[in-house]
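Convention: sequence-line order gives letters A, B, ...; per-chain numbering from 1.
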There are 2 protein chains.
Amino acid sequence: MGRKKSFNTDDVLSQIGQIFIKKGYNGTSLDDIVECTGLLRGSLYATFGSKQGMFISALKLSLERSNNQLKWGLLIVAMLEVTSRNKKVYDIVQAWYVEHQNEKIAEKIGLELLKHSGLIE
Amino acid sequence: MGRKKSFNTDDVLSQIGQIFIKKGYNGTSLDDIVECTGLLRGSLYATFGSKQGMFISALKLSLERSNNQLKWGLLIVAMLEVTSRNKKVYDIVQAWYVEHQNEKIAEKIGLELLKHSGLIE
DNA sequence: TATTTATTTGACTAAACGGTCAAGTAAATA
DNA sequence: TATTTACTTGACCGTTTAGTCAAATAAATA
């Protein structure tokens with residue numbers, strides 16, 4: 001009952017993830033998110049609660065889906081800007097790290113950051 | 001001739017570098033820099049010109065000095081938040097990268113980001 | 001069809017943002 | 001000592017920030 005959502009949450013989270021990767025967590029404004037999703041602030045806050053909620057939802061989805069493009073981008077943004085200030089994000093990233101510790105994870109992270117910076121590829 | 005600076009520029013840049021590492025580039029406000037250096041906005045702007053100027057000066061000094069603690073922290077902040085929006089910073093980081101390409105630099109960067117995030121050490 | 005319930009809309013807010021500048025102060029020169 | 005020059009001070013500015021909310025709208029139920 002009640003009105004139906006006019007958007008697909010997963011598609012929106014993909015757009016939100018992309019803008020967080022492009023501009024960083026603190027570098028992304030609500031206006032940026034409004035612009036890239038086409039939704040208005042009220043809908044975004046009704047769905048995700050806060051900017052941190054938007055980041056957490058995008059990060060979780062990218063890890064569940066193993067969407068590599070979003071996953072690596074959001075992980076390095078989280079590690080640099082969010083992890084140290086948000087326990088929930090720290091726990092998510094830590095759980096992921098524990099699960100992937102055995103692989104050459106440090107080198108992979110470094111390569112992703114080099115890509116992100118535009119220094120390689 | 002004229003009044004002398006009341007502070008040591010290199011010491012101040014070390015303090016500025018530390019706050020940029022702790023809070024990230026976009027996460028660091030001018031008030032943060034005022035607080036951590038003990039200087040006022042006017043002195044900071046008279047010396048460094050802009051927030052970007054403060055970051056560039058701190059980054060350059062850390063690379064010249066090979067101050068590892070600052071160097072790695074500022075490099076990863078630069079790569080994630082600044083490089084893609086500031087040509088000057090991109091060029092500085094690129095010059096550093098070209099010079100260190102032969103070492104296992106990706107792994108080193110990854111380890112530094114893992115440290116920064118609090119996941120290791 | 002009337003009622004209920006959930007979503008959408010966008011104007012609004014208080015706080016924080018990067019940056020400016022005229023006035024005040026101190027050091028060096030003449 | 002008087003003058004010049006550079007640095008310091010902090011109030012101030014317009015803009016942007018994350019977040020709110022009452023009214024409007026649409027879908028489902030009764």
Handout entry: Note, A/Phe55 side chain near A/Leu74 side chain (heavy atom, < 4.5 Å)
Key =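 Contact flag for A/Phe55/A/Leu74 side chains = yes.
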Practice task
Kindly indicate whether the side chain of B/Glu81, heavy atoms from C-beta on, has any atom under 4.5 Å from the side chain of A/Lys23.
Solution key: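 Sidechains of A/Lys23 and B/Glu81: no contact.
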Exercise for the section: Locate the shortest heavy-atom distance separating A/Arg85 from B/Lys22; write the atom from each residue and the value. Expected result: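 Result for this residue pair: NH1-O, 3.3 Å.
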Find the distance [X]:[atom1] to [N]:[atom2] and express it as a whole number of Å.
| X | N | atom1 | atom2 | result |
| --- | --- | --- | --- | --- |
| A/Phe7 | D/dA26 | CZ | P | 16 Å |
| A/Met54 | D/dT17 | CE | C1' | 13 Å |
| A/Tyr45 | D/dT17 | OH | P | 12 Å |
| B/Arg3 | D/dT8 | CZ | C1' | 5 Å |
| B/Leu44 | D/dT9 | CG | P | 11 Å |
| B/Leu39 | C/dG18 | CG | C1' | 17 Å |

Candidate nucleotides [options], ranked by approach to the side chain of [X] - the nearest:
| X | options | value |
| --- | --- | --- |
| A/Arg41 | D/dA11, C/dT8, C/dA11 | C/dA11 |
| A/Leu40 | C/dA11, C/dT9, D/dT8 | C/dT9 |
| B/Ser43 | D/dT9, D/dA24, D/dA11 | D/dT9 |

Practice task
Return no unless some side-chain N or O of A/Lys4 is found under 4.0 Å from OP1 or OP2 of D/dA28.
Solution key: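 A/Lys4 to D/dA28 OP1/OP2: side-chain N or O found under 4.0 Å.
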Practice task
Using only side-chain N and O atoms of B/Ser6, determine if any of them is under 4.0 Å from OP1 or OP2 of D/dC7.
Solution key: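 For B/Ser6, the contact criterion (side-chain N or O under 4.0 Å from OP1 or OP2 of D/dC7) is not met.
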Exercise for the section: Report the relative orientation of the aromatic rings in B/Trp72 and B/Trp96; use parallel for angles under 30°, tilted for 30 to 60°, perpendicular for over 60°. Expected result: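 The rings of B/Trp72 and B/Trp96 stand perpendicular, inter-plane angle above 60°.
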Exercise for the section: Please work out if A/Phe48 contacts a base, only the sugar-phosphate, or nothing of the nucleic acid, heavy-atom cut-off 4.0 Å. Expected result: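 Counting heavy atoms under 4.0 Å across all strands, no contact is made by A/Phe48.
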Exercise for the section: Could you list the residues that satisfy side-chain hydrogen bond (donor to acceptor under 3.5 Å, both in side chains) with A/Asp31, not counting sequence neighbours? Expected result: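 Residues passing side-chain hydrogen bond (donor to acceptor under 3.5 Å, both in side chains) with A/Asp31: A/Arg41.
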Problem - Nucleic acid contacts - residues 26-35 of chain A versus DNA chain C, non-hydrogen atoms under 4.0 Å - result: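 Correct list: empty, so none.
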Practice task
Decide if atom CD of A/Gln101 counts as having more than 12 heavy atoms of other residues, nucleotides or ligands within a radius under 6.0 Å.
Solution key: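 Yes, because the 6.0 Å sphere around CD of A/Gln101 holds more than 12 heavy atoms from other groups.
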Problem - Closest-nucleotide 5' rank along DNA chain D - winner of A/Ser50 and B/Lys5 - result: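 On the 5' side of the pair lies B/Lys5.
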Practice task
Establish, from distance only, whether the side-chain atoms of A/Ser29 and A/Asp32 form a donor-acceptor pair under 3.5 Å.
Solution key: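 Side-chain D/A pair, A/Ser29 to A/Asp32: present.
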